[in-house]
Every structure is written in structure tokens, then in C-alpha cells.
There are 2 protein chains.
Amino acid sequence: MQSFTEENYLKMIYSLANRRQGEVSTNALAEMTSTKAASVTDMLRKLADKQLIHYKKYQGVRLTEEGERLALQVIRRHRLWEVFLVQKLGFGWDEVHDIAEELEHIRSEDLVARLDTYLGCPQFDPHGDPIPTPAGQMPEMGYRKLSEVAMGEDVCLMAVLEHSTEFLKHLDHSNLTLGCSITVNEINTFDKSVLVQIGTGRTVFISHEVAKNLLVDSRQSVVASH
Amino acid sequence: MQSFTEENYLKMIYSLANRRQGEVSTNALAEMTSTKAASVTDMLRKLADKQLIHYKKYQGVRLTEEGERLALQVIRRHRLWEVFLVQKLGFGWDEVHDIAEELEHIRSEDLVARLDTYLGCPQFDPHGDPIPTPAGQMPEMGYRKLSEVAMGEDVCLMAVLEHSTEFLKHLDHSNLTLGCSITVNEINTFDKSVLVQIGTGRTVFISHEVAKNLLVDSRQSVVASH
DNA sequence: ATAAAAATTTAGACTAGCCTAAATTTTTAG
DNA sequence: CTAAAAATTTAGGCTAGTCTAAATTTTTAT
Ligand SMILES: [Mn+2]
Ligand SMILES: [Mn+2]
Ligand SMILES: [Mn+2]
Ligand SMILES: [Mn+2]
């Protein structure tokens with residue numbers, strides 16, 4: 001059985017490994033856990049002892065099969081609770097992360113199964129992130145970043161990479177919601193900002209900083225959530 | 001801000017204080033927290049430092065006003081989550097205690113308020129226990145134990161004092177559910193067991209051990225929950 | 001190729017919560 | 001009223017998770 005802390009480390013190793021491909025560094029983990037590198041090293045030794053990670057001193061870290069299985073369970077719980085908070089309790093998508101961060105650690109197979117059923121077995125969380133299957137598979141969506149879309153293309157907003165309240169509030173403010181269609185009208189070469197039309201409605205300016213964090217799909221996919 | 005452990009101690013001091021009136025003893029807390037008396041003493045010193053309890057060495061302990069306020073918040077969260085688990089997720093009343101024991105520690109004013117609204121502001125949890133008000137008042141029900149009811153009386157089962165899975169399963173087995181009416185047909189003097197009729201239906205035997213843990217009301221009150 | 005910089009680990013220390021064993025205080029019984 | 005029993009506290013120690021400062025290894029840049 002793992003502690004809250006160990007579960008958090010596993011989850012963060014998983015997401016860092018997927019962001020930059022390959023081994024995860026001590027410093028990256030220290031930043032993400034808001035601790036110091038020395039503390040991370042201690043924890044890595046413990047996780048390695050428990051066979052949850054592959055760890056060679058100075059060489060970075062990688063999840064074992066068992067470690068990944070556990071990480072995906074935590075992520076599954078996190079995302080299911082986020083769906084609950086938004087769809088059932090009426091929270092905004094910018095308000096749920098911290099609460100889900102605590103709910104994700106309540107370990108009861110039965111609870112997760114019932115919650116999943118109750119929510120109608122959702123495929124995506126309120127940020128468009130796929131929910132790992134009960135069997136522990138993480139669906140791979142082939143999304144691109146809006147910052148990589150060519151001029152004139154017509155795409156659909158499927159997910160966001162950044163979950164901070166400020167970022168999500170900013171999107172609300174620009175009328176950018178999951179599932180909305182986006183047409184790229186103009187790309188400014190000097191700062192890579194874009195001018196897009198949302199649906200058939202208004203035209204908004206999106207900075208490169210923001211565009212990098214919007215995942216889109218060319219296909220006319222069904223809306224993930226709303 | 002209090003830790004999980006501190007919250008658990010406050011909650012247990014509250015319920016022990018209400019059970020046997022007056023100061024709560026170190027040993028009683030040790031038994032209830034499944035720790036040793038020495039550990040309890042350590043924690044009592046800490047809670048006293050934080051002004052959450054009145055504590056004089058060797059003299060037992062009592063909650064301060066602030067301590068009681070916090071204890072009631074924890075109890076409110078616990079009972080609301082129990083309602084959620086039973087009414088929304090379909091758990092049995094014998095399965096929810098341990099999960100609620102973890103959920104109760106998630107501190108978000110907003111979460112509790114929304115959950116309360118979502119559940120329809122319930123007054124009682126699945127065991128018939130009153131849910132403290134948001135303002136921190138614990139409603140006082142004037143229930144009696146079934147073991148104290150006179151022969152021939154007609155009462156309504158309102159709550160249970162024991163929450164263990166075995167006990168609750170035993171009640172299910174005897175068709176004893178919250179809100180059912182009970183007529184005392186016979187009281188055996190040698191072992192204090194009773195023979196009762198449930199509603200207009202079958203007649204069951206109830207040992208003193210069980211009857212002591214059933215709270216009833218003479219009035220034809222509306223069913224608390226079901 | 002090597003020296004400086006950056007990343008990482010080790011050493012030593014702290015707090016929260018828990019334990020056992022021993023000391024102390026309160027209660028109970030004769 | 002006193003001696004034994006029971007309850008409680010103190011002393012000293014352990015683990016998880018964290019920290020700072022110092023040592024070590026790897027990377028980067030001349
Ligand atoms: Mn977490
Ligand atoms: Mn999310
Ligand atoms: Mn608890
Ligand atoms: Mn209850």
C-alpha cells in the first residue's frame with residue numbers, strides 16, 4: 001500500500017515522462033512536487049526499493065510496469081472526481097483541480113467503480129484529458145497544439161495542457177470552450193500569435209503562450225464534454 | 001489548519017463527551033483511536049497548545065468552543081458523504097463508514113456547501129444521525145433506546161448507535177430498517193430480550209445487546225431517510 | 001581536454017505521530 | 001487511612017517526509 005506522497009510522486013513521474021520523452025530528472029520532480037532535490041532523492045530510493053521505479057544514481061528515473069499501473073489508477077481517480085465536481089456539483093473547470101488532488105487518494109475499488117457508473121463511464125475529464133480505463137490503459141489521442149496548426153485550417157478544441165485557474169478563466173473570457181470549432185485566420189510571424197474565429201461567432205486574438213496549451217483535432221469529432 | 005489526525009481526535013473527543021457526560025479520559029481516547037495512552041497524551045498536549053481543548057494533567061479533557069466547532073464540521077462532512085454514498089452511489093448503509101472516514105477530511109467550504117445542496121440538504125445520515133447545520137449546531141433528537149421501551153408500546157426506529165458492518169447486516173437480516181414501526185409484544189425479564197412486531201408484518205426476536213443500540217421515537221414522525 | 005557550472009546525492013537535522021518501558025498521580029479497597 | 005491497582009504522564013526511540021549545507025558526479029564550454 002502506498003502513501004499519499006508516494007502516489008503523488010508516481011503520478012508526477014508518469015506525467016513528466018510523457019511530456020519530455022525518456023527518463024525523468026530529479027530537479028524536474030523537485031519543481032513539480034514543490035520540494036527540494038534532496039527530498040526527491042530520498043523518495044526515489046524508497047520507490048526503487050518498492051520496485052515501483054527503475055532508478056540508477058544520477059541517471060534519472062522511469063516507472064516500472066507496476067509503478068505505471070498505480071500511477072494510472074491515481075490519474076483515473078483524479079479525472080473521475082473532476083467530472084463529478086463539474087457535472088454533478090456544478091463547479092467550474094477552473095475550480096476542481098485542487099479538490100480532485102485530495103479525492104484521488106481515496107482508495108476503494110468499489111468506490112471508483114460505482115462513481116464511474118454513476119457518471120456514465122465518461123471518456124474525458126473537464127479539461128479534455130482521457131480517463132484511463134479500469135484495466136489501466138491510457139487512451140492515446142492524436143491531438144496537435146493550436147500553435148502548430150496551419151493558416152486557414154479549421155479545427156476543434158479538444159483539450160488543454162495547462163490547468164491553472166488563471167489560464168482556464170482566460171479561456172472562458174475568450175469564449176474558448178471544449179468542443180468549439182476554431183478557424184485560423186491569421187498567423188503573426190514575429191510573435192507567433194494567431195487570430196482565430198470561434199465557431200461562426202467572434203474573432204479572438206490568441207498569444208503563442210496560450211496556443212501552445214490548446215490541443216485541437218482536425219476531424220469533426222463529437223464533443224468530449226462541456 | 002489541522003491534520004487528519006487532529007481532526008480525528010477532535011471528532012472522537014466530541015462523541016465520547018456526549019456518550020458519557022463530562023470529561024473524556026485518556027484511555028477512552030486510546031481505545032477509540034486504536035493507539036496507546038502515551039500517544040494520546042502527546043496529542044492532547046498539542047491540541048491544548050492550539051487551544052482546541054481544555055486539558056489539565058490527569059484530569060481528562062473537554063473541547064473548547066473552537067474545538068467543538070471544528071469537530072462538528074468534521075462530523076457534518078462525514079455524514080453528508082455517507083448520504084452521498086448511499087443515495088447517489090447505491091452503497092449499503094453497512095459499507096459507507098470507512099470511506100466517509102477518509103472523505104470527511106477534505107476541507108473545502110465550497111465543496112461541502114455544494115454537496116449539501118446537491119443532496120437536498122438532508123437532515124439525517126443513513127444511520128439516522130442528525131447532520132450538524134452549516135452554522136455548527138447539532139440538532140438534539142429526544143430518542144429513547146428500544147431497550148427502555150415499555151411492553152405494548154408502539155414506536156418508530158429512528159437511528160442506530162452501532163455502525164459496524166456486522167450489526168447493520170444483522171438488522172437488514174431482521175427486516176429492521178430506519179423508519180419502520182415496532183410494537184413491543186413481549187419483554188423477557190431474565191435476559192431483557194424483546195419480541196417485537198415490525199410494521200404489520202413479521203415478529204422478530206431482539207436481544208438486549210441489539211435493543212440497546214436501536215433509537216426509537218414514540219411520535220409518528222416522518223421517516224428520516226430510507 | 002579540462003575547468004567551471006549544473007545536477008544530484010549524502011550527511012545531519014527537524015517535526016508529526018506513533019511505540020515501549022518506567023515514573024508518577026489518582027482511585028479503590030481493605 | 002494506607003497499600004495496592006489503575007490511569008496517566010514522561011523518557012527515550014522509531015519512521016516518513018521534509019530541509020540545508022556539503023560532497024560528488026555529470027554536463028557544458030572554452
Ligand atoms: Mn494528490
Ligand atoms: Mn483534469
Ligand atoms: Mn477520519
Ligand atoms: Mn453515520
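Here is how names work: the chains are called A, B, and so on, in the same order as the sequence lines, proteins then strands, and each is numbered from 1.
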Tell me the salt bridge (Lys or Arg N to Asp or Glu O under 4.0 Å) pairs involving residues 137-148 of chain B, sequence neighbours left out? Arg144(B)-Glu153(B)
Under 3.5 Å, sequence neighbours excluded: what are the donor-acceptor pairs made by side chains of residues 52-60 of chain A?
none

Using a heavy-atom distance cut-off of less than 4.0 Å, which residues of residues 4-34 of chain B contact DNA chain D? Ser25(B), Thr26(B), Asn27(B)
Lys169(B): partners by side chain to side chain contact (heavy atoms under 4.5 Å, CB included), with sequence neighbours left out: Asp94(B), Thr165(B)
Only counting residues at least two apart or in another chain, list the ones meeting side-chain hydrogen bond (donor to acceptor under 3.5 Å, both in side chains) with Glu162(A). Ser164(A)
Residues in ring-ring contact (aromatic ring centres under 6.0 Å, His included) contact with Phe84(B), at least two apart in sequence or another chain: Phe84(A), Trp81(B)
For Ala159(B), all residues meeting side chain to side chain contact (heavy atoms under 4.5 Å, CB included), sequence neighbours excluded: Tyr143(B), Leu215(B)
The side chain to side chain contact (heavy atoms under 4.5 Å, CB included) partners of Ser39(B) (sequence neighbours excluded) come to Thr35(B), Lys36(B)
Any protein N or O atoms within reach of nucleotides 23-25 of chain D? Criterion: under 3.5 Å, listing atom names and distances.
residue, atom, partner, partner atom, Å
dT24(D), O2, Tyr58(A), OH, 3.4
dT25(D), O4', Tyr58(A), OH, 3.4

Report each atom pair, protein N/O against N/O of nucleotides 11-13 of chain D, whose distance is under 3.5 angstrom.
none

Which pairs of donor and acceptor atoms, one on a side chain in residues 102-119 of chain B, lie under 3.5 Å apart (sequence neighbours left out)?
residue, atom, partner, partner atom, Å
Glu104(B), OE1, Lys11(B), NZ, 2.9
Glu104(B), OE1, His78(B), ND1, 2.7
Glu104(B), OE2, Lys11(B), NZ, 2.9
His105(B), ND1, Glu7(B), OE1, 2.7
His105(B), NE2, Asn8(B), OD1, 3.0
His105(B), NE2, Glu101(B), O, 3.1
Arg107(B), NH1, Gln2(B), O, 2.7
Arg107(B), NH1, Glu7(B), OE2, 2.7
Arg107(B), NH2, Gln2(B), O, 3.2
Ser108(B), OG, Leu111(B), N, 3.0
Asp110(B), OD1, Arg114(B), NE, 3.4
Arg114(B), NH1, Leu89(A), O, 3.0
Arg114(B), NH1, Gly90(A), O, 3.0
Asp116(B), OD2, Arg76(B), NH2, 3.3
Thr117(B), OG1, Ala113(B), O, 3.1
Tyr118(B), OH, Tyr118(A), OH, 2.1

Donor-acceptor pairs under 3.5 angstrom involving side-chain atoms of residues 14-26 of chain B: please list them, not counting sequence neighbours.
residue, atom, partner, partner atom, Å
Ser15(B), OG, Met12(B), O, 3.4
Glu23(B), OE2, Arg62(B), NE, 3.1
Ser25(B), OG, Ala28(B), N, 3.1

